[in-house]
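One structure is given here, and the rest of the page talks about it.
To find a chain, count down the sequence lines: A is the first, B the second, and so on, and within it residues start at 1.
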2 protein chains.
Amino acid sequence: MVTITDIAVRCNVSRATVSKALNGHSDISAETAANIRQAAREMGYLPNATARTLKLGRSHNIGVLFVDKTSSGLGHEYFSQILESVKQEAEKSGYDITFISRDIGGLSMDYYEHAKYRNCDGVIVASVDFTDPAVIKLVNSDIPTVTLDYVFDSHSAVLSDNVGGMAELVRYVYGKGHRRIAFIHGEFTSVTQKRLGSFHRTCSELGLTIPDEYIQPATFHDPKSSGLATRRLLELKERPTCILYPDDFSFIGGMNELEKQGVSIPEDISVAGYDGILLSQVLRPRLTTYRQDAEAMGREAARALVEIIERPKEWIPRQTMIPGRLLEGDTVRTIE
Amino acid sequence: MVTITDIAVRCNVSRATVSKALNGHSDISAETAANIRQAAREMGYLPNATARTLKLGRSHNIGVLFVDKTSSGLGHEYFSQILESVKQEAEKSGYDITFISRDIGGLSMDYYEHAKYRNCDGVIVASVDFTDPAVIKLVNSDIPTVTLDYVFDSHSAVLSDNVGGMAELVRYVYGKGHRRIAFIHGEFTSVTQKRLGSFHRTCSELGLTIPDEYIQPATFHDPKSSGLATRRLLELKERPTCILYPDDFSFIGGMNELEKQGVSIPEDISVAGYDGILLSQVLRPRLTTYRQDAEAMGREAARALVEIIERPKEWIPRQTMIPGRLLEGDTVRTIE
DNA sequence: CGTGGTAACTTAATCGATTTCGAAAATTAC
DNA sequence: GTAATTTTCGAAATCGATTAAGTTACCACG
């Protein structure tokens, strides 16, 4: 490997001079600097990120905390899109991405220790159990963090507009003439709480009274539980005219159940999903859903984190709300 | 941060002694070593991976090269599962995962340079254009690499058994009585070539003559193109009785097209997918497909790479074939 | 008692890059 | 022509950990 020393030898200058020239310091003559840069190019010099990190205490490396418990981690398109987007944005600012986990090779460390061990300049936290003490320790540590879809006091977060999204969805459905709207929700996370709250508030704003049985619990990303919830709804004396699912993928379970019972979409019942993943747009009829802008979420999270890292003085905790967009499909029919 | 020096001061020994004690060298008395370890624990000492990397020339960091060109990267469940699995296995051996890309923050580097810059001990290459000169440069460099679903001469690779998988699928369908089997294949990659070759060979072994029109080109992970291919098949004078799709997700396009034309699965036509992603198992009727063992692929790739890294002498290039498994769903009906 | 051996540490160099401080050389000022 | 600046560069310390080589001190053996 070509090092700064090799260049110094060839150019007959000191290592200090090479370093300065390569970093554009002003106390190196233009001529010398040009020489050195030329030599560096010719010799195929690459800075050694490790040495730089050690000396400067900055790794230009961002940790990401994505936990894949079968369903909600990378397996979920929403999160894999966020990850991809975080990566792309981070790269623009010269940062690489490393996964943070516990128990790296025998040494059992918690998230914070792992991030420290790797000298991460910051960590993006998503798709985890935010009540996990290890996560809380990390977030409250000296390492800058940005959380996704969850807010810790006095910390930066990027949030999908679950409240606005759900409101828009309900209003859209209402506008189509639906009055008996059911909502199958995911497990009790802050996301679910927001959507559920928004659902209730919007309904009441619209003057709708939603019977308790129209609110059915299920699990995110789990068609089976959504299928069961769907069945419970179909068994009601007064069936809803529209069902909102926890997410697009879960809707598959509802779709199956409806098919099985001979209830067709949207003639007999209307449905809507949430997320706007690719699948929702290739199904026929196309699923009406609320698209979460995963690309923007990842981008903004990366930007926010880089800002904390690079301008820690000016920084103040900030929550960035990312709006989504209603994707009108063909699964909500108009009722006169 | 607690460093080795802090411990040395507190224990009244030299830094060398601390280092040796912590690494279990034999020339430190049991008593001293115990003292030092105790102090390290109490002080919350964490080794600094960066310093270690710089000194030892080993980063315990593995690069992964996954390119997400809209469809085939992380967006594909197959690859995100592989990634997750690589990560888990690598962690067991004490390695972290970093994404490798080009153009990291202004500096434009190719994959090799990036991996060098970050001192990656090795790189896992998947889901890329294997004819890309930058990829070839990386693979032929001094950095150990393991490729997935592609073989470079004298290099280690982990392969999904596309030949065996396709053969099994065809034989299964044949066993169900089908003689007019169509195959919609993905774009021309080595994977497609293998599947296509295996399809032809197996058919001929079974004494089947497949008309050219039964082989239809499409694109992986693209329901639209598969939908069009499906339509072309349906327009044939003599329709196939069974259609094999390039992958499960693409099948959605076929499903839509069949639905539209009033052709029902599996009564009027049989279908099968490939991959065995979650989606295939939640659709109703459940999709008959060939499950690629992504978890094993990732695991074996990580193992192979770690072996090259840690035992470079004993290592010889090796191709590991990962068998899959037929998932019998309800989309292939029996024909008498 | 002297020599050799060993256990237990320490010293100091090293990995590659950055940066402070100082020094020499060149330029300007008077 | 001398003093004061400025320009340009180098020496050396530093980041945290590892390790080869050297140094004690102690013990054993002939």
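Atom-to-atom, NZ of A/K116 to P of D/dC15 comes out at 15 Å; the value is rounded to the nearest Å. Per the geometry, CD1 belonging to B/I7 stands 14 Å off C1' belonging to D/dT18, to the nearest Å. We find that CG of B/L54 is positioned 14 Å from P of C/dT14, with the value rounded to whole Å. A/I4 places its CD1 atom 8 Å from the C1' atom of C/dT18, with the value rounded to the nearest Å. Between the NE2 atom of A/H25 and the P atom of C/dC21 there is a distance of 15 Å, rounded to whole Å. Note: CG (A/D6) to P (C/dC15) measures 11 Å, nearest angstrom. For the pair A/M1 CE and C/dA17 C1', the computed distance is 11 Å after rounding to whole Å. If you measure from atom CG of B/N35 to atom C1' of C/dA8, you get 14 Å, rounded to the nearest angstrom.
Taking side-chain N and O atoms only, B/S29 has a distance below 4.0 Å to OP1 or OP2 of C/dC9. Residue B/T32 places at least one side-chain N or O under 4.0 Å from the OP1 or OP2 atom of C/dC9. For A/N23 and C/dA17, the shortest distance from a side-chain N or O to OP1 or OP2 is not below 4.0 Å. Dashed line: the shortest gap from a side-chain N or O of A/Y117 to OP1 or OP2 of D/dG16 is not under 4.0 Å.
Side-chain atoms of A/T53 and B/T50 form no donor-acceptor pair, as typed in the model, at a separation below 3.5 Å. No hydrogens or angles considered: a donor-acceptor pair under 3.5 Å links the side chains of B/D149 and B/Y78.
A centroid separation of less than 6.0 Å is found between the aromatic rings of B/F99 and A/F99. A/Y111 has its ring centre no less than 6.0 Å from the ring centre of A/H114.
The side chain of B/S14 has C/dT11 as its nearest neighbour among C/dT11, D/dA17, C/dC21. When each of D/dA17, C/dG16, D/dC9 is scored by its nearest atom to the side-chain atoms of B/A51, the top-ranked nucleotide is D/dA17. Side-chain atoms of B/A16 lie closest to C/dT11 of the nucleotides C/dG16, C/dT11, C/dT19. Comparing atom distances between the A/L56 side chain and each of C/dG16, C/dT18, C/dT10 picks out C/dT18 as nearest.
With respect to the salt-bridge test (charged N to carboxylate O, under 4.0 angstrom), the residues A/E295 and A/R299 qualify. Taking a cutoff of 4.0 Å between a charged side-chain nitrogen and a carboxylate oxygen, B/E113 and B/K116 do not qualify as a salt bridge.
If you check distances only, the side chain of B/R52 never reaches the base of D/dA17 with a donor-acceptor pair under 3.5 Å. Evaluation of atom-type donor-acceptor distances gives no pair under 3.5 Å for the side chain of B/K55 against the base of C/dG16. Residue-to-nucleotide contacts include no donor-acceptor pair under 3.5 Å from the side chain of A/K20 to the base of D/dT8.
Residue contacts for B/S19: at a heavy-atom cut-off of 4.0 Å it reaches a base atom on one of the strands shown. Here A/I36 lies out of heavy-atom contact (under 4.0 Å) with every strand. Within the 4.0 angstrom heavy-atom criterion, only backbone atoms of the sugar-phosphate kind lie near A/V13; the bases stay farther away. At the heavy-atom level, B/T3 lies under 4.0 Å from the strands shown only through sugar-phosphate atoms.
DNA chain C is contacted by both A/T5 and A/D27; A/T5 maps to the nucleotide lying nearer its 5′ end (nearest heavy atom per residue).
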